[in-house]
K.L.:
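The structure that follows is given in the form of structure tokens.
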Amino acid sequence: MDFFIHYRPLPKAHRRFLGWFLPLMLGVMVVLGLWVPGLQNQYGAGSRQPIKQLSGLLLDGPGGAQVLVPRPGQTPGEPHYSRILLAGPGKTRPPEAVMQHQGQWVQLKGSLFSHGPLSVMNTRRAQPIPQPADLPAPNLKGTSLGPFALVGEIIDSKCFSGVMKPGAGKTHMGCAIRCISGGVPAVFHVHNPEGEVLDLVLIDQEGRTVNDRVLDLVAQAVAIEGEVIQYDNLMALKADPLTYRRLG
Amino acid sequence: MSHGYVAVQWTRRKLIYDGVLLAGVSAYLLLFMGISHWWAAAANVPLETDGAAIRAYGSAAYILLHLTLSIGPLARLNPLFHTLLFNRRHMGVMVFLLGFLHVNGWHLPREPWSWLGQKAPQFPWSFHGALNWYNDFGNREPLVSLFTSNGHFNDFALFPFELLGVIGLAVLFVMAATSHDFWLTNLTAPVWKAIHMAVYVGYAALVGHVFLGALQTNQSPWLAGLVLAGLVWLLAIHLISGWREWVIDGRPLQPDSTGWVDLGPIDAIPDGRAKVFALAGERVAVFRQGSELFALSNVCQHQNGPLGEGRVVNGCVVCPWHGYEYRLETGASPPPFTECVPTFPVECRQGRVRIGLPPRPPQQA
Ligand code: HEM
Ligand code: FES
């Protein structure tokens, strides 16, 4: 009889059916297992460097915690310092043990993540050091580059710089909101049709961070009109967060 | 409780079934994560292993859910699929487990490695799940963060897709938790069946989870095409198999003034098998054994399987779904089982089959 009863011997027709159907299903799983990862946006730039030490001037702003690191053999015309954004362990700004040394020269230790022009260090402790002699004066005021209208996405600098892939977009929205509300510097990620990217920290009219005021606009297309100010290698976009516009 | 339940019987065939299932799922997970690593190495960028694992487990659950939901209608259309149906509940439980790991992640326990002064090996699939990876390590409890981060409830494209995943996981949990026959017996088949229809609510929520999540971030037409193909496939086979039943139910037969219903010529019923007739409000399976006729309710007491698609073995109708048996004359399961289905008086007059209403109540042997 060609009727299947699971506790009786398998009829011939059913044996033949399973003989091709099970390999077919396994084959489908194999094909999908090989194919679906390639359809994911998970191979972006952004990498983690081994634990590093950095020495520089610890600052709280513009746009969040950062350290101003003298560039060793700078070329003429280039900024004399690099600014590296700072985050604490997890989705936080650096802990009090670090931030209490704000305005001082410190040595920091942590992992450094970088994605294009954006660099973020994860750090939990700062060691004060004497100010090195013979350094050019840092440009703490910044240089205005004028007004700009930009379209981009508000991201958290830490995940986007390489902790997560892609670290942007809808699936990352919840995490980015956690990071930005926790004090990780909020960055406006802009790219033009030529594929050039620009990452600007966000500050309000008074130069303060905007983190708690932009949570509703994270991880979506946003237009911002404001003044772009260059602080060494770091760009800041100065605008009232109430004027940010969601697109679409 | 109407009767004692018998513990799940592990047969060799169920073990083979589970083995093949596990092999297919493992192959998918290992290939997904392996290829992700390989691809990242080729592009010379480090892979975010937790994210890759979250995607591997989520997509494995989603794919397997499609297979699980396909078996019912496919078995309606072709009895060969009964070979996959009899143990479908293990497939459903596997879908839940994969979904749970997608959300929760997993790590090997510290022990016994710590007793030996060693760290637990970091297999490539030891990872944080979607809940912790995207919500922990911040200024809120992960679960609070999950429900409060994204507040765009009024915006379709920005809607918190994670919450649709929560609905999907909750439904899969209820299915998995009540999948044992213990619950079937205690909840009664109609209630149990109703609960299990909720799987379609869960499926709809998960389609939304993927459309408003993965497909927004990964704007690959192929990925969208695959998700859409899965949806269209399930709709199509459900509509086709549903339409067949609707055609049968659509023209219920009415009794004449004496309470008998004419069912047509006896030759229309194949020997040793049944034909299903729709009477007002009820499906009846009429079995023919040579010149003898037997009429039983078409609805199996286990999970409402179609008895009319069953066969007669040793004087009992065997349900095609999981093999429950009912005596042809009485509708009662042979002892020690106590299920029974209603039967109907049936006769053959001048080559035409007639069935009497109302049915005889179910009678235990
Ligand atoms: C509490 C419940 C859930 C939460 C919080 C959740 C969260 C997430 C998140 C954050 C992602 C995006 C991952 C990324 O690409 O970075 C995702 C993707 C996904 N989830 Fe869920 N999920 C849940 C339940 C489920 C369940 C039950 C299933 C399936 C049965 C599922 C299937 C998927 C699929 C297929 C993807 C897309 C994977 C890919 O990109 O290929 N999720 N989920
Ligand atoms: S429905 Fe399970 S045996 Fe009939």
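Reminder, nothing fancy here: chain letters follow the sequence lines and each chain counts from 1.
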K.L.:
Enter the distance from B:Leu223:CG to A:Gln40:CD here, rounded to the nearest 0.5 Å.
P.N.:
5.5 Å

K.L.:
Tell me, out of A:Cys159, A:Ala45, A:Gly183, A:Ser181, who's got the most heavy-atom pairs with chain B below 4.5 Å.
P.N.:
A:Ser181

K.L.:
Name the region of B:Leu80, side chain, backbone, both or neither, that has any atom closer than 4.5 Å to a heavy atom of chain A.
P.N.:
both

K.L.:
Heavy atoms only, distances under 4.5 angstrom: which of B:Ile35, B:Val318, B:Asn218 has the most pairs with chain A? Name it, please.
P.N.:
B:Asn218

K.L.:
Say you draw a straight line from CG of B:Leu29 to CE of A:Met29; how long is it, rounded to the nearest 0.5 Å?
P.N.:
7.5 Å

K.L.:
Checking heavy atoms, do the side chain of B:Trp133, its backbone, both or neither come under 4.5 Å from chain A?
P.N.:
both

K.L.:
Heavy-atom pairs under 4.5 Å with chain A - which of B:His82, B:Arg12, B:His152 has more of them than the others?
P.N.:
B:His152

K.L.:
Evaluate the ring planes of A:His172 and B:Tyr134, with Trp represented by its six-membered ring, and classify them as parallel (under 30°), tilted (30 to 60°) or perpendicular (over 60°).
P.N.:
perpendicular

K.L.:
Over all heavy atoms of both residues, which pair between A:Pro166 and B:Arg55 is shortest? Give the atoms and the distance, please.
P.N.:
CD-NH2, 4.1 Å

K.L.:
Enter the distance from A:Lys170:NZ to B:Gln219:CD here, rounded to the nearest 0.5 Å.
P.N.:
11.5 Å

K.L.:
Search all heavy atoms of A:Tyr43 against all heavy atoms of B:Leu47 and return the closest pair with its distance.
P.N.:
CE2-CD1, 4.0 Å

K.L.:
Hey, what do you get for OG1 (A:Thr171) to CD (B:Glu162), rounding to the nearest 0.5 Å?
P.N.:
8.5 Å

K.L.:
Is it the side chain or the backbone of B:Asp50 that comes within 4.5 Å of chain A heavy atoms, both, or neither?
P.N.:
neither

K.L.:
What part of A:Pro9 is in contact with chain B, defined as an atom under 4.5 angstrom from a non-hydrogen atom: side chain, backbone, both or neither?
P.N.:
backbone

K.L.:
So which atom in A:Leu32 and which in B:Tyr28 form the shortest heavy-atom distance, rounded to 0.1 Å?
P.N.:
C-CE1, 3.6 Å

K.L.:
What part of B:Leu212 is in contact with chain A, defined as an atom under 4.5 angstrom from a non-hydrogen atom: side chain, backbone, both or neither?
P.N.:
both

K.L.:
Could you check which of A:Gly90, A:Gly88, A:Pro37, A:Cys175 has the highest count of heavy-atom pairs closer than 4.5 Å to chain B?
P.N.:
A:Pro37

K.L.:
Which bit of A:Arg15 is near chain B, if near means a heavy-atom gap under 4.5 Å: side chain, backbone, both or neither?
P.N.:
neither

K.L.:
Let me see the working for A:Met25 and B:Leu84 under side-chain contact (heavy atoms from CB on, under 4.5 Å), right down to the final yes or no.
P.N.:
CA-CA 12 Å; A:Met25 282 297 107; B:Leu84 302 180; 6.0 Å; no

K.L.:
Measuring heavy-atom distances to chain B, does A:Gln220 have an atom under 4.5 Å in its side chain, in its backbone, in both, or in neither?
P.N.:
side chain

K.L.:
Just how far is it from atom CG of B:Leu85 to atom NE2 of A:His6, taken to the nearest 0.5 Å?
P.N.:
10.5 Å

K.L.:
For atom CZ of A:Arg213, is the number of surrounding heavy atoms from other residues, nucleotides or ligands below 6.0 Å larger than 12?
P.N.:
yes

K.L.:
Pick from B:Val20, B:Ile63, B:Leu226: which one has the most heavy-atom pairs with chain A under 4.5 Å?
P.N.:
B:Leu226

K.L.:
Kindly compute the distance separating CG (B:Asn150) from CZ (A:Arg178), expressed to the nearest 0.5 Å.
P.N.:
11.0 Å

K.L.:
Quick check: closest heavy atoms across A:Lys165 and B:Val45, and the distance to 0.1 Å?
P.N.:
NZ-CB, 4.0 Å

K.L.:
Please look at B:Ala52 and chain A and tell me whether the side chain, the backbone, both or neither of the residue comes under 4.5 angstrom of a heavy atom of that chain.
P.N.:
both

K.L.:
Any chance you could lay out the side-chain contact (heavy atoms from CB on, under 4.5 Å) test for A:Ile5 and B:Arg311, step after step, and finish with the verdict?
P.N.:
CA-CA 9 Å; A:Ile5 305 175; B:Arg311 294 296 165 78; over 6 Å; no

K.L.:
Does the B:Thr83 side chain pair with the main chain of A:His14, one donor and one acceptor, at a distance under 3.5 Å?
P.N.:
no

K.L.:
Would one find more than 12 heavy atoms of other residues, nucleotides or ligands at under 6.0 Å from atom CZ of A:Arg245?
P.N.:
no

K.L.:
Is there side-chain contact between B:Pro79 and A:Phe4, with heavy atoms separated by less than 4.5 Å?
P.N.:
no

K.L.:
Go through the atoms of A:Arg8 and report whether side chain, backbone, both or neither lie under 4.5 Å from a heavy atom of chain B.
P.N.:
both

K.L.:
Can you confirm whether A:His191 is buried at NE2, in the sense that more than 12 heavy atoms of other residues, nucleotides or ligands lie under 6.0 Å from that atom?
P.N.:
no

K.L.:
How would you list, by chain and number, every residue that makes a ring-ring contact (aromatic ring centres under 6.0 Å, His included) with B:Trp222, sequence neighbours excluded?
P.N.:
A:Trp35

K.L.:
Check the surroundings of atom CD in B:Glu141: do more than 12 heavy atoms from other residues, nucleotides or ligands lie under 6.0 Å from it?
P.N.:
no

K.L.:
Which atoms of A:Ala168 are under 4.5 Å from chain B, going by heavy atoms: the side chain, the backbone, both sets, or neither?
P.N.:
backbone

K.L.:
When heavy-atom pairs shorter than 4.5 Å are enumerated against chain A, which of B:Ala27, B:Gly51, B:Ala40 gives the highest number?
P.N.:
B:Ala40

K.L.:
Name the region of B:Asn135, side chain, backbone, both or neither, that has any atom closer than 4.5 Å to a heavy atom of chain A.
P.N.:
backbone

K.L.:
Report yes if some heavy atom in the side chain of B:Leu158 is under 4.5 Å from a heavy atom in the side chain of A:Met173; otherwise report no.
P.N.:
yes

K.L.:
For B:His209, what residues pass the ring-ring contact (aromatic ring centres under 6.0 Å, His included) criterion, not counting sequence neighbours?
P.N.:
B:Phe161

K.L.:
Can you confirm whether A:Glu225 is buried at CD, in the sense that more than 12 heavy atoms of other residues, nucleotides or ligands lie under 6.0 Å from that atom?
P.N.:
no

K.L.:
What part of B:Leu64 lies closer than 4.5 angstrom to a heavy atom of chain A: side chain, backbone, both or neither?
P.N.:
neither

K.L.:
Between A:Leu39, A:Asn41, A:Val28, who has the most heavy-atom pairs with chain B when the cutoff is under 4.5 Å?
P.N.:
A:Leu39

K.L.:
Against chain A, label B:Glu309 side chain, backbone, both or neither, depending on which of its atoms sit under 4.5 Å from a heavy atom there.
P.N.:
backbone

K.L.:
With a 4.5 angstrom heavy-atom cut-off, which part of B:Arg140 approaches chain A: side chain, backbone, both or neither?
P.N.:
both

K.L.:
With a 4.5 angstrom heavy-atom cut-off, is it the side chain or the backbone of B:Pro46 that approaches chain A, or both, or neither?
P.N.:
both

K.L.:
Most heavy-atom pairs under 4.5 angstrom with chain B, which of A:Leu26, A:Leu34, A:Leu22, A:Val31?
P.N.:
A:Leu34

